Amino acid sequence: MVRSLAGLALFALAAAVAGCQPQSDSAVPKKSVVADDYYGTLEPFAANAIYFVVTDRFVNGDTGNDHRDQGGEHRTFDIPISGPNGESDNIGYLGGDFKGILDNAGYIREMGFDAVWITPIVDNPDEAFTGGKPVTWGSFLTDRGKAGYHGYWGVNFYRVDEHLPSPGLDFAGFTKAMHAQDLKVVLDIVGNHGSPAYTMPKAQPKFGQIFDKDGKLLADHQNLPPSKLDPAHNPLHAFYNTGGGLAELSDFNENNPAVLDYLAGAYEQWIGQGADAFRIDTIGWMPDAFWQKFTSRIRAKHPGFFMFGEAFDYDANKIAHHTWRGHGETSVLDFPLNAELAEVFGHSNAGFENLVEPLHLENGPFANPYELMTFYDNHDMPRLDATDAGFIDAHNWLFTARGIPVIYYGSEVGFMRGRAEHAGNRNYFGQGRIEAARGNPIRTSLARIASVRQASPALQRGLQLNVRLKGDEAVFYRVYAHGGEHQVALVMLNKGNAAKRMEAREYLEPGTWRDAFGGRDSKVQETLAAEVPAHGVRVFFFDGPITRSDLRARLEELMTRKSRSQAAESKN
């Protein structure tokens, strides 16, 4: 979801006036870098890799909660949309639930993931929406005839939508069971809006309404356009803004303290029931001051709680402020890098050099680029349009380069590649595809490189020092030295169609390097050379202290230049 934000110059001026500082891990020394203290981030959540599911579209583990007769003439289950050449999409519920995810926790864990991001769990309306613009093949922000299967149309933020739990498996039971499978749960939350609220031919139950935890009505749009709301005289309108907004959604009034109290209370409840982190939907549509109050409330009770937001903009200077101290202090989905990943690993086959600038490893606008969420597609944009080899190359990059990787469900088999919303992007995956996926070459390669990252502090949290990113070749180091733990990873990527002999000489620490994939150790002095298969990756680890002086000097530079904000802070 895109919102126009202030330009970099205006933001810089505001930052200077406000005296704002970056969030980051705030462990970068202000005067000098301590010897052998090199890292990209100390954020614990950076150790994870995330598998993202639209819960309703993953697996129907319990047909007893499908509610196939719900909605009457405005039914909510199985509402197909026809496309060209016999293709189809669906804008109704299809049955995915907590049990479907839990039943396949092993499948997810086998791929090397540590966390599962699920779509919002809160109660949504019980009918398909009759207002808005009609859904057509490939349309965007069109909702007529659509049900709230995705979860983003909340009406009671304290109650779980009835399509998700099963007997003995409420949200608390789900998170407990996932934790027992060594998987964290990232909960998608919405703070900007509730359900569609107006343009209905006739007002529908729950649409445009908000209920408290006891089921009492708190707010009602009453099927009125925002300009017709009268919050000064009607308390039921006070929850909403009277202008702007996204599509026909009920737009929350960020200046009403009751809104903050309601949302913070609801989401604290879900943390109490086991949520490990939040993904914040449409973070860019609410002001920074609101998010700062919200995140401060959450972290006052849950120190260090990790959150990342969706600011759907490809300009780093327009989304970086969310990461700064006083401005929300969250991570964000790395849309600027996302744009180039599609070019590099999709059919355009652009060179690795396209990724240098959007990495923002030095003097970038983010509080800490190493805490950004890296991804090549999701549910709000066309899926990556690539060959199997392109997906393999993309995964080799995401699980070795800086950032916290996020993979959308089905991408492990190239599911619905290239498809946009309402053109198959969110189609049902299902148990049959999961069983068939285990031998898929994309999934096999993904699990191979993800398992390497899972065991490597350098790949999870280390500084990235690029040696060569050009054409089909990428060579770079990831360096982590902190608290007595030392690891340097040397990564070689080849996205070409033929094997290549690749080497590293620059900044190479002399000594013994071990092959991450179980090959023989290499004793090196000046050069480490290796054969890298077509569309392949080689990773080598050095597990001792860093002695090479030029490498130490370069790492010290990277430590103090992780962002413009950190560079400025280090001079104070």
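Keep in mind that the numbers below use all heavy atoms, side chains included, and drop hydrogens, waters and symmetry copies. It should be emphasised that the depicted structure is a prediction, and the values quoted were computed from it without experimental measurement.
Ring geometry for F129 against W153 counts as perpendicular: the plane angle is over 60°, on a 0 to 90° scale with 30° as the lower cut. By the 30° and 60° cut-offs, the orientation of the rings of H395 relative to F391 is tilted. Classification of the F45-F306 ring pair by plane angle, with boundaries at 30° and 60°, yields parallel. Aromatic ring pairs are classed by plane angle as parallel below 30°, tilted from 30° to 60° and perpendicular above 60°; the pair F429 and F58 is parallel. A parallel orientation is assigned to the rings of F52 and W117, their planes being inclined by less than 30° (bins at 30° and 60°). Ring geometry for F312 against Y314 counts as perpendicular: the plane angle is over 60°, on a 0 to 90° scale with 30° as the lower cut.
Salt-bridge check for D89 with R426: failed, with every basic side-chain N at 4.0 Å or more from each acidic carboxylate O. Residues D388 and R443 are not paired through a salt bridge, judged by the lack of any N-O separation under 4.0 Å between the basic side chain and the carboxylate. Looking at R419 and E87, a side-chain N of the basic residue comes within less than 4.0 Å of a carboxylate O on the acidic one, giving a salt bridge. D188 has a carboxylate O that lies under 4.0 Å from a charged side-chain N of R279, or vice versa, which qualifies the two as a salt bridge. A salt bridge links R68 to D66: at least one charged side-chain nitrogen sits closer than 4.0 Å to a carboxylate oxygen. Using a 4.0 Å cut-off between a side-chain N of Lys or Arg and a carboxylate O of Asp or Glu, D143 and K133 do not qualify as a salt bridge. Ion pairing between D472 and K495 holds under the 4.0 Å rule for side-chain N and carboxylate O. A salt bridge does not link R75 to D126: none of the charged nitrogens lies less than 4.0 Å from a carboxylate oxygen.
Going from atom CG of D56 over to atom NE2 of H163 covers 8.0 Å, rounded to the nearest 0.5 Å. Interatomic distance, H360 NE2 to D334 CG, rounded to the nearest 0.5 Å: 7.5 Å. With rounding to the nearest 0.5 angstrom, the OG1 atom of T175 is 9.0 Å from the CD1 atom of I121. Rounded to the nearest 0.5 Å, atoms OG (S331) and CD1 (I280) are 10.0 Å apart. Rounding to the nearest 0.5 Å places NZ of K146 at 10.0 Å from CD1 of I81. Of the inter-residue distances, the one linking Q460 atom CD with E43 atom CD reads 12.0 Å to the nearest 0.5 angstrom.
Under a 3.5 Å cut-off, the side chain of S445 and the backbone N or O of I442 do not form any donor-acceptor pair. Between the side chain of N90 and the main chain of I79, a donor-acceptor pair closer than 3.5 Å is present. N427 places a side-chain N or O within donor-acceptor distance of the main-chain N or O of S88, the cut-off being under 3.5 Å.
F252 and H193 have their aromatic ring centers separated by at least 6.0 angstrom. Ring centers of Y267 and W270: at least 6.0 Å apart, outside the cut-off. Taking the ring centroids of Y376 and F345, they lie at or beyond the 6.0 Å cut-off. Ring centers of Y152 and H379: under 6.0 Å apart, within the cut-off. Ring pair Y158/F211: centre-to-centre distance not below 6.0 Å. Here the two rings, on F375 and F335, have centers that are under 6.0 Å apart.
With Y149 as the aromatic partner, R57 meets the cation-pi criteria of under 6.0 angstrom to the ring centre and within 45 degrees of the ring axis. Judged by a 6.0 Å distance limit and a 45° cone about the ring axis, R448 is positioned over the six-membered ring of F517.
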Checklist entry - What's the verdict on side-chain contact (heavy atoms from CB on, under 4.5 Å) for V332 and M373, showing C-alpha distance, side-chain angles and the deciding distance? => result CA-CA 6 Å; V332 290; M373 317 305 292; over 6 Å; no
Checklist entry - Run the salt bridge (Lys or Arg N to Asp or Glu O under 4.0 Å) check on D114 and R109 step by step: do they pass? => result CA-CA 7 Å; D114 313 278; R109 185 68 181 172; 3.2 Å; yes
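Counting all heavy atoms, side chain and backbone alike, F157 lies closest to Y262 at N-OH, 3.0 Å.
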